[in-house]
Chemist: 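There's a structure below that I have some questions on.
A note on names: the letters A, B, ... follow the listed sequences, proteins ahead of strands, and every chain is numbered from 1. From a predicted model like this one, the values you see are computed outputs, not experimental measurements.
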Amino acid sequence: MSVVIKVDQVSKIYQLGQIGTGTLASDLASAWAGITGKDDPNKKIDDESDKSTHVALRDVSFDVNRGEVLGIIGKNGAGKSTMLKILSRITSPTSGSIKIKGRIASLLEVGTGFHPELSGRDNVFLNGAILGMTKAEVNRKFDEIVDFSGVEKFIDTPVKRYSSGMYVRLAFAVAAHLEPEILIVDEVLSVGDAEFQKKCLGKIKDVSTGDGRTVLFVSHNMEAVKNLCNRVVLLEKGGVIDIGSPATTVNAYFKRNTNYFGHVKYSATNAPGNETIILLSADLKINGGDILEIDKGVAINFEFELRQSFDEFNYSLNMFAITGEHIFNSQSASFKAEKGILKASCIIPPNLMNNGDYSISILAVNKGSMPLFNFENVLQFEIFDNRKDGKWFGEIGGAVRPKLDWIL
Amino acid sequence: MSASDKDENWSQIIRPTGGFSAFNIVELWRYRDLIILFVKRDFVSVYKQTVLGPLWHIIQPLFTTAVYVMFGAFVKIEYGGIPPVLFCLSGVVIWNYFSSCLVKTSSTFVGNANIFGKVYFPRLCIPISIVISNLMSFFIQLSLLIPVLVYCKFVKHAGIEPNVYLLAFPVLMVLLAMLGLGFGLIVSSLTVRYRDLVYFINFGIQLAIYTTPVIYPLSMLKGKAVLITSINPVTPFIEIFRYSLLGQGTFSLPAVLYGVIFSVVILIIGMIVFSRFERDFMDTV
């Protein structure tokens, strides 16, 4: 196996804040003040803030072998995009080096440089050239590209008249026929319809297995990563956390990101609540494992301290998507509650929720209609997808994804 | 670098930008198709969008020429027997090419941030394609100049003598392109840091026209004014062009050499500065 990309101790540090003042006029004023010995008119009182830096990548090293599909995963801000930008030469590293064998082409964004006034045909040539193909190469592949895109009828129409789907398909078709030795693919699965998505994934597989070319695949879509990649790099906060087989690395990713705060515990002094009730702790108990996937049930356990007794007490649990959408409300039966420690569990069955980020609020209610206290945003967690058939990797919409009975 | 690194033939090594990286002409050549396609894109987008698109290239020099001619009549500039319209227009056409090269290439980084942020190709493709696209409007303006010339010569029988120096015309255009490109590259690199520089340039280029013999013959100047106009590297090019077309102009070998050397040097400096800035540009926008 030969190494085609050797990433060696690459770091990227961004300067935060503004460098200089941003305008020539004020920089000249500063320089003049310096010469004449006056105070810099543009100097900020709090000058420290301008000097801060952000480390996007820290000593990242890994090798990529010929013919493999290497996945790069990590949360937003982990450094995936920065890594790709350096690999595709959009920006340069602050230190370290990357050695590459062969031509790299990236699908960071399909349709780059498409001009609305130009026809589909002209755009294929322009886009191909931007992506590094010569005119002869595009000529040779033109029919194949048009075929792949499925827009033959409109190939001489300006792309401004295209539907967005046609536009994306044509753009992807160009990129897919680049034939570079190394292809960088970033989140292409979010575009197009099911049929087209299948085509794309097929193309990625063909490229790597059939032609022995190398693919770097960056995605948030763990299902696709697991199905397509030979090896996966997990990035977190700019560093490499794990490199290994897709199954283990994806699991490591899930474990590290299982919850934002799936467990909370308060002391008497900082506990949320009022003179009637306070929250002592809350946690998630996942049934059968430590990764919350859609087909796993979960118990949400609470511990409260009641500061007075109530004859008719109940809970009302609200589940929200992290975007703020109210998913559901579930109320407990009323019961007689004594002053002191009070425990409760709410069980969310498997195969109810869709994958996504959620938060939970719980309301303590007296006499069925009088709120005692609303504990907002008690827990936040992510429910991960767990699709096993591996045919469709796109998003499945909806707030819930219940498993219902079907009569067929 | 260890021995094993040297054994393997890496096709590309990405390193931090240190100092002034060498400018990669081989790579640029590989992307020649892209330059041609950019030119084609500019052409199509100008001519498909508006009726006034190409017309604008004619209206603008006509208006400026009219203004200069009126100004010339007002301050009684002596054009040496050349019809004032012809005199000014010939200067304006040359100057317009130079200034449009400079102004348009100077917004290379800022104007293409979107595409530069997504894909790599030699950034120099954009300014080079701009310089070529500008030839298009230059030839439109030239097609305006020629009927005026023919009219003045054969109807008005003005004393104008197109001559063998016209052969130098292609060289002249290349040098002007180099000059405009060189300045434009320097300015575009600086605009990465100083956004307001674009306004300075737009303003400055309008003033700079008065330091060239666009609206007055070089022969009428005396003293300090001669020095100022001869510092401007566009001056000898305008004079040669006018001499080749109208048979009247003032230029000397040192002045021409100055123009040629200046163009070459400014282009080299421009390319070095540009290549220094192009790789880290995306971090600063």
Side-chain angles (χ1 to χ4, degrees), chain A residues 2-4 6-7 10-12 14-15 19-27 85-106 108-113 115-119 122-123 125-138 158 181, chain B residues 1 4-5 8-18 21 27 29-49 112 114-123 125-126 190-201 278-285:
Chain A
S2 68
V3 176
V4 287
K6 194 177 177 66
V7 178
V10 166
S11 295
K12 177 77 186 176
Y14 284 102
Q15 194 93 37
I19 306 157
T21 53
T23 66
L24 186 58
S26 43
D27 261 16
K85 278 187 176 170
I86 293 174
L87 276 168
S88 48
R89 299 175 66 194
I90 287 161
T91 185
S92 59
T94 310
S95 67
S97 71
I98 300 175
K99 293 171 186 138
I100 297 162
K101 254 183 228 167
R103 189 164 69 169
I104 281 198
S106 74
L108 285 188
E109 192 95 27
V110 292
T112 306
H115 194 286
E117 293 292 336
L118 295 180
S119 69
D122 290 341
N123 269 313
F125 279 95
L126 179 62
N127 192 231
I130 286 176
L131 295 171
M133 279 193 270
T134 63
K135 203 173 171 189
E137 272 178 281
V138 182
E181 282 84 6
Chain B
M1 200 184 274
S4 66
D5 281 346
E8 300 187 62
N9 38 355
W10 301 102
S11 59
Q12 193 176 73
I13 298 180
I14 298 172
R15 288 187 190 289
T17 30
S21 50
E27 192 184 37
W29 176 247
R30 206 158 62 69
Y31 276 86
R32 61 192 181 280
D33 287 335
L34 180 59
I35 298 175
I36 296 166
L37 286 162
F38 275 139
V39 173
K40 192 177 171 191
R41 179 194 67 178
D42 291 348
F43 192 86
V44 171
S45 60
V46 167
Y47 291 93
K48 273 196 179 163
Q49 256 159 352
N112 293 283
N114 185 37
I115 184 168
F116 284 179
K118 284 175 188 158
V119 62
Y120 176 83
F121 53 87
R123 303 322 192 198
C125 289
I126 296 264
L190 293 175
T191 50
V192 171
R193 198 158 153 192
Y194 302 115
R195 294 301 173 89
D196 56 342
L197 202 61
V198 176
Y199 305 111
F200 279 79
I201 286 304
E278 66 172 3
R279 292 188 68 196
D280 283 320
F281 156 69
M282 282 323 297
D283 301 344
T284 48
V285 278

Chemist: By a 4.5 Å heavy-atom criterion (distance strictly below it), what part of A:Val4 contacts chain B: side chain, backbone, both, or neither?
Modeler: backbone
Chemist: Any chance you could measure A:Asn127, atom CG, to B:Leu37, atom CG, to the nearest 0.5 Å?
Modeler: 10.5 Å
Chemist: Could you tell me which of A:Arg103, A:Lys12, A:Glu181 has the largest number of non-hydrogen atom pairs under 4.5 Å with chain B?
Modeler: A:Lys12
Chemist: Using non-hydrogen atoms and a 4.5 Å limit, figure out which bit of A:Thr91 sits close to chain B: side chain, backbone, both or neither.
Modeler: both
Chemist: Between B:Arg123 and chain A, which part of the residue has a heavy atom less than 4.5 Å away: side chain, backbone, both or neither?
Modeler: side chain
Chemist: Between A:Val10, A:Ile100, A:Ile104, A:Val7, which has the largest tally of heavy atom pairs under 4.5 Å with chain B?
Modeler: A:Ile100
Chemist: Would you say that B:Ile126 contacts B:Ile35 through its side chain, given a criterion of any heavy-atom pair below 4.5 Å between the two side chains?
Modeler: no
Chemist: How close do A:Leu126 and B:Arg41 get, heavy atom to heavy atom, and via which atoms?
Modeler: CD2-CD, 3.8 Å
Chemist: Verify, without hydrogens or angle tests, whether B:Asp33 (side chain) and A:Ala129 (backbone) share a donor-acceptor contact under 3.5 angstrom.
Modeler: no
Chemist: Let me know if A:Leu87 has heavy atoms under 4.5 Å from chain B in its side chain, its backbone, both or neither.
Modeler: backbone
Chemist: Indicate the ring-plane relationship of B:Tyr31 and B:Phe121, choosing parallel, tilted or perpendicular according to the 30° and 60° boundaries.
Modeler: tilted
